[in-house]
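Presented below is the structure to which this report refers.
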Amino acid sequence: MTYNFKAIETKWQKKWEEKKIFHVKEGKKKKYYVLEMFPYPSSSGLHMGHALNYTIGDVYARFKRMQGFNVLYPMGFDALGLPAENAAIKAKSHPKKFTEIAIKNYIRQMKELGLSYDWDKSVSTMEPEYYKWNQFFFLKFLNKGLIYRKKAPVNWCSKCETVLANEQVHNGKCWRHEDTDVETKNLEQWFIRTTKYADELLEDVKTLQWPERIKIMQKNWIGKSYGTEIQFEINGKTWPIFTTRPDTIYGVTFMVVSAKHPNLMDLVIEEQEKDVKKFLKKIETVSEKELETLEKQGVFTGSYAINSLNNEKVPIYVGNFVLADYGSGMVMAVPAHDQRDFEFAKKYHLSIKEVIKGGDIKERAYEGEGELVNSGKFDRMNSKKAREEITKELEKKKLGKKQIQYRLKDWLVSRQRYWGTPIPIIYCNKCGVVPVPEKNLPVILPEKVKFGKGNPLETSRSFISVKCPKCKGKAKRETDTMDTFFDSSWYYLRYCDNKNKKKPFDITKVRYWMPVDQYIGGAEHACMHLIYARFFTKALRDLGFVAFDEPFTRLFNQGMLRGMDGNKMSKSKGNVINPDEVSRNYGMDTARFFLLSLAAPDKDRDWSKEGIESIQKFMIRVINYFKNVKIGKADAKIESKLNKAIKQVTEDIENFRYNLAVIKIRELFNFLPDKTSKDVLEKNLKLLHPFCPHITEELWSKLGNKEFISLEKWPVSDEKKINEKLEKQEQAVEKLAEDINNIKNLIGGKKAKAFIYVLPNELRNYGENLGLIKKKTGLDIEIYSVADKNKRDPENKSKKVKPERPGIYLE
RNA sequence: GCGGGAGUGCUGGAGUGGUCAAACAGGACAGACUCAAAAUCUGUUAGCUUAGUGCUUACAAAGGUUCGAAUCCUUUCUCCCGCACCA
């Protein structure tokens with residue numbers, strides 16, 4: 001017999017909504033903030049992978065709620081962004097309309113998943129009430145010097161038709177277009193000074209309870225290195241370079257400047273101009289693939305640099321392997337002690353000068369430590385010490401200083417696209433760059449624009465032409481919009497006070513709810529959203545908006561759900577599992593329980609038909625059991641098992657070992673007797689509830705309860721009731737059944753009856769479990785005490801009897 | 001290249017020093033029920049072996065530590081992920 005799961009689910013979803021049972025307010029109770037990364041609402045709706053992600057959070061939220069915490073568990077939408085704009089253009093629709101429909105669909109689907117969100121706290125970034133505060137923060141940052149405008153070589157994706165942040169370039173490709181090389185353009189753009197917090201971002205990583213790999217990814221991304229800045233004299237001017245190995249300065253035999261250095265041409269003398277330009281053209285056409293194995297190449301610029309310590313004159317080359325935006329875009333080359341420089345020197349027959357003893361530099365550079373040679377007064381000094389001493393010497397001569405370099409770059413936030421928050425800036429011919437006054441916020445994104453080539457905002461005249469707030473003269477609005485990562489950098493704060501019209505959020509509300517205790521989301525955000533949000537928190541702290549250092553105390557990365565074929569779900573592969581269908585066929589509780597039983601929440605897993613069907617059978621068994629169970633007294637055995645399970649399940653959920661919790665819950669159900677106490681039944685339901693919220697509500701009410709199980713207290717294990725002796729006795733019985741089966745199989749042939757001989761003191765335990773042994777062996781069982789004179793024992797098996805090892809005779 | 005993680009039986013996947021031939025689930029096979037099937041229940045699922053609780057081989061491979069290792073250490077191999085010429 002099957003059940004109409006869908007009907008049960010709809011019934012309880014309605015009741016939850018009507019009674020607003022997941023609605024929370026600030027209070028005296030201890031809070032707990034569970035948060036999943038809010039989705040970008042795509043028109044294709046949710047697939048089962050999302051369901052997995054949100055279910056992981058929902059189980060946790062429900063668990064914490066039952067444990068008595070005041071749980072904030074909100075959901076919202078990262079509604080602005082390029083994909084919506086592109087999709088809308090393709091569908092000849094408007095991004096706003098497009099996104100609104102998608103959001104509606106998302107909400108419907110999320111409700112059907114049984115997620116216990118407080119929908120009153122929802123946030124959508126496309127609402128002017130939200131993005132107004134983006135603009136507000138933009139101005140605050142600008143005021144504080146955290147935002148600035150500069151012309152710089154920036155990443156440009158020709159498909160997106162916009163610039164990209166450094167974090168959005170992966171392997172030289174656009175993060176959204178794996179087939180599109182990112183070009184470098186020199187443009188004037190808005191930047192956020194994330195580097196100001198580089199050190200704090202790096203230091204505080206240590207304090208976070210995050211997956212180790214994410215922490216390492218962030219550390220690498222920030223990339224702190226200690227070194228020395230050294231001034232070289234070139235054509236009468238000084239040029240700084242950064243090195244981590246000042247101890248090798250006497251080994252400098254040439255310099256290499258990045259081919260993308262903005263002032264490169266200052267170094268190129270007339271006779272070399274042709275060669276250099278030819279070279280630049282050549283490396284421009286190099287594809288990304290070739291770059292991976294690319295040989296180091298370069299051309300002489302014609303200029304020389306003077307090594308400030310030994311006054312040696314060394315040639316300057318343009319090279320394809322030097323980054324323009326790290327350090328100063330130029331490096332001192334020490335071929336004897338740097339492999340890259342070594343390769344370059346070999347290729348162009350430049351001299352190689354050993355300055356550190358310890359390696360053989362014929363075949364490759366020696367990058368280790370050792371004693372200095374050929375280094376003037378620093379000879380015989382150890383390289384580690386020489387780093388200090390040479391830096392001191394340079395400082396004394398005002399030719400250099402200690403420096404820390406970060407790999408992290410400032411965050412480029414302007415985008416030349418429509419579907420984003422307008423940057424609240426006005427350009428006036430007379431007054432220059434003028435911020436929009438706070439009282440004029442929000443700068444509303446106009447709806448009537450033409451999509452096609454370039455930035456659609458350029459086509460809205462009413463948007464562009466404004467009066468200068470300062471001189472009231474004719475002025476022009478900024479048409480760039482903000483990177484949507486700006487939106488997602490503080491949405492978790494807005495959830496705490498989402499309806500505030502006067503402020504982005506109330507500080508006391510935020511103080512109560514924040515920081516997020518448990519954040520859940522994908523690892524792909526390690527170096528994007530998770531860095532930006534951390535930066536934002538720190539910046540807001542220094543502006544007095546919040547009073548903590550880190551937004552997300554604990555982070556959990558969920559695994560991926562693959563299709564039945566073991567491949568990533570994708571439309572083209574046709575292996576996408578649709579939640580609406582699953583809900584109809586199996587019920588959402590079944591799907592939730594199934595998804596979580598497959599593997600630990602942080603591991604990938606495959607969808608399987610057999611799997612979900614077997615879980616459905618289990619669900620039906622649970623329902624049937626509750627229908628038929630008789631209420632009475634609970635025996636010590638089930639009490640023992642129950643309390644052990646409570647203990648384990650609680651720990652398993654707490655530590656995100658849902659798969660193990662599921663196993664223990666299933667095992668416990670298998671042990672439930674036909675008659676037991678209401679208390680045992682209720683506690684069983686509570687253990688199951690976070691996973692299967694609808695069915696447990698239904699069964700809970702069938703047991704005669706008027707309140708919601710969703711708001712009940714999580715059971716606490718009574719460890720006194722855990723009885724190991726009973727467990728042992730049970731094991732002995734199982735062992736006996738196993739032995740009987742073993743013998744049965746060995747001798748073959750049909751047997752109908754088993755005679756069992758046990759020690760007198762064990763008679764009771766085995767005797768009480770005769771039924772079980774019968775069931776497991778399929779034989780009739782007769783049991784005797786060895787002391788029993790009337791027992792039937794033709795082969796005298798009772799002689800073999802030992803403690804916990806009864807004698808067995810089959811016939 | 002660097003960094004991180006992982007390799008367990010037909011499959012997924014527990015298990016981090018003895019209680020381990022290794023939970024649980026799926027699959028397969030067998031039995032019970034049934035006219036039959038499905039569902040349900042029970043058993044078997046490394047090999048050998050005796051009317052049972054025994055032995056052997058096993059947790060990527062090879063070594064090592066230990067009275068004792070899937071579990072600790074070393075080396076190698078394979079796979080996944082991240083960064084990738086950061087000076």
Side-chain angles (χ1 to χ4, degrees), chain A residues 1-2 170-172 211-221 223-225 227-228 241-246 248 255-256 258 291-296 319-323 325-334 337-341 343-344 367 405-409 523-524 526-527 557 566 594 597-600 602-606 608-615 617-618 620-621 624 657 659-660 662-667 670 731 735-748 750-751 754 772 774-779 795 797 800 802 804-810:
Chain A
M1 162 161 195
T2 187
H170 298 157
N171 283 328
E212 209 46 44
R213 67 189 185 114
I214 303 287
K215 289 166 78 164
I216 286 164
M217 278 161 80
Q218 290 215 345
K219 273 188 213 163
N220 292 342
W221 186 259
K224 185 179 189 175
S225 45
T228 305
I241 63 98
F242 175 77
T243 179
T244 54
R245 293 295 299 268
T248 62
M255 310 283 284
V256 188
S258 168
L291 254 177
E292 279 167 26
T293 51
L294 193 67
E295 207 184 343
K296 289 166 189 43
N320 62 347
F321 68 99
V322 176
L323 302 170
D325 49 5
Y326 183 79
S328 58
M330 193 189 302
V331 298
M332 63 178 219
V334 186
H337 305 292
D338 183 291
Q339 187 57 24
R340 293 159 300 186
D341 300 344
E343 285 167 29
F344 194 86
E367 295 181 333
Q405 268 295 331
Y406 294 96
R407 198 178 159 281
L408 183 79
K409 312 241 156 53
E524 68 273 17
C527 297
N557 289 131
F594 165 62
S597 73
L598 277 172
D602 56 342
K603 295 230 171 93
D604 294 347
R605 71 218 52 214
D606 300 350
S608 99
K609 205 171 166 226
E610 290 86 8
I612 188 148
E613 280 173 356
S614 85
I615 297 288
K617 283 178 202 164
F618 175 72
I620 292 170
R621 223 168 71 211
N624 284 341
R657 295 186 301 240
N659 55 328
L660 301 187
V662 163
I663 286 166
K664 278 152 200 160
I665 291 169
R666 287 187 73 163
E667 275 180 338
N670 289 339
Q731 275 168 22
K735 179 79 185 144
L736 174 63
E738 220 169 89
D739 285 343
I740 296 171
N741 279 325
N742 212 343
I743 296 167
K744 203 171 79 177
N745 292 337
L746 275 169
I747 57 178
K750 287 253 171 190
K751 299 285 171 186
L772 185 73
K774 263 187 196 166
K775 202 169 156 191
K776 289 212 184 242
T777 57
L779 297 175
E795 291 191 12
K797 296 288 181 193
K800 285 184 133 185
K802 289 177 194 163
E804 288 189 17
R805 283 177 198 171
I808 302 164
Y809 173 67
L810 303 188

### Query
Does a side-chain N or O from A:K617 land closer than 4.0 Å to OP1 or OP2 of B:A38, or not?
no

### Task
Check whether any side-chain heavy atom of A:E367 sits under 4.5 Å from a side-chain heavy atom of A:H337, and report yes or no.
no

### Task
Name the nucleic acid region contacted by A:I216, choosing base, sugar-phosphate or nothing; use a 4.0 angstrom heavy-atom cut-off, strictly under.
sugar-phosphate

### Pairwise C1' distance, B:U53 and B:C33 [rounded to whole Å]
32 Å

### Message
Just the rounded figure in Å: distance from C1' of B:A14 to CZ of A:R605.
### Response
15 Å

### Task
Please work out whether the ring planes of A:Y326 and A:F242 are parallel, tilted or perpendicular, with thresholds of 30° and 60°.
perpendicular

### Task
Could you pull out all residues at least two apart from A:Q339 that satisfy side chain to side chain donor-acceptor pair (under 3.5 Å)?
A:E343

### Task
Please list every stem that involves RNA chain B, where a stem is a run of 3 or more consecutive Watson-Crick or G-U wobble pairs with both pairing distances under 3.5 Å.
B:1-7 with B:77-83, B:10-12 with B:24-26, B:27-32 with B:40-45, B:46-48 with B:54-56, B:60-64 with B:72-76

### Message
Strictly below 4.0 Å: does A:T243 bring a side-chain N or O up to OP1 or OP2 of B:A87?
### Response
no

### Message
Which residues pass the salt bridge (Lys or Arg N to Asp or Glu O under 4.0 Å) test with A:R666, not counting sequence neighbours?
### Response
none

### Task
Grab the CZ-P distance between A:R657 and B:C24 for me, whole Å please.
18 Å

### Length of the CG-C1' vector between A:L598 and B:G26, whole Å
10 Å

With the criterion being N/O to N/O and under 3.5 Å, what pairs connect the protein with nucleotides 78-83 of chain B, and how long is each?
residue	atom	partner	partner atom	Å
B:C83	O3'	A:R407	NH2	3.1

### Query
Are any of A:T244's side-chain N or O atoms less than 4.0 Å away from OP1 or OP2 of B:C86?
no

### Summary
Applying ring pair (Phe, Tyr, Trp, His ring centres under 6.0 Å) to A:Y406 and not counting sequence neighbours gives none

### Query
Out of B:A87, B:A14, B:C41, which has the shortest distance to the side chain of A:R621?
B:C41

### Summary
Hits for side chain to side chain donor-acceptor pair (under 3.5 Å) against A:K219, two or more places apart or cross-chain, chain-then-number order -> none

### Task
Round to a whole Å and report the spacing from CD of A:E613 to P of B:U40.
11 Å

#### Entry: Residues in ring pair (Phe, Tyr, Trp, His ring centres under 6.0 Å) contact with A:F594, at least two apart in sequence or another chain
A:W607

### Task
Counting heavy atoms from C-beta on, name the nucleotide in B:G3, B:G27, B:A23 closest to the side chain of A:I663.
B:A23

### Message
Please classify the nucleic acid contact of A:V334 as base, sugar-phosphate, or nothing, using heavy-atom distances under 4.0 Å.
### Response
nothing

### Query
If you look at every strand shown and take non-hydrogen atoms under 4.0 Å, does A:E667 touch a base, only sugar-phosphate, or nothing?
sugar-phosphate

#### Entry: Set of residues satisfying salt bridge (Lys or Arg N to Asp or Glu O under 4.0 Å) with respect to A:R245, sequence neighbours excluded
A:D247

### Task
Would you mind reading off the distance between A:F594 atom CZ and B:G13 atom P, rounded to a whole angstrom?
12 Å

### Rounded distance in Å - CZ (A:R666) to C1' (B:A23)
13 Å

### Summary
Taking B:A87, B:G13, B:G27 as options, the one with an atom nearest any side-chain atom of A:A599 is B:G13

### Message
If you only use heavy atoms from C-beta on, which nucleotide in B:G26, B:C24, B:A14 is closest to the side chain of A:S614?
### Response
B:G26

### Query
Just checking A:K664: base, sugar-phosphate only, or nothing, at a heavy-atom cut-off of under 4.0 Å?
nothing

### Query
What pairs with A:R340 under salt bridge (Lys or Arg N to Asp or Glu O under 4.0 Å), at least two apart in sequence or on another chain?
A:D338

### Message
Should the side chain of A:K296 and the base of B:C85 be counted as holding a donor-acceptor pair, with the cut-off at 3.5 Å?
### Response
yes

#### Entry: Under 4.0 angstrom between A:Y326 side-chain N/O and B:A87 OP1 or OP2
yes

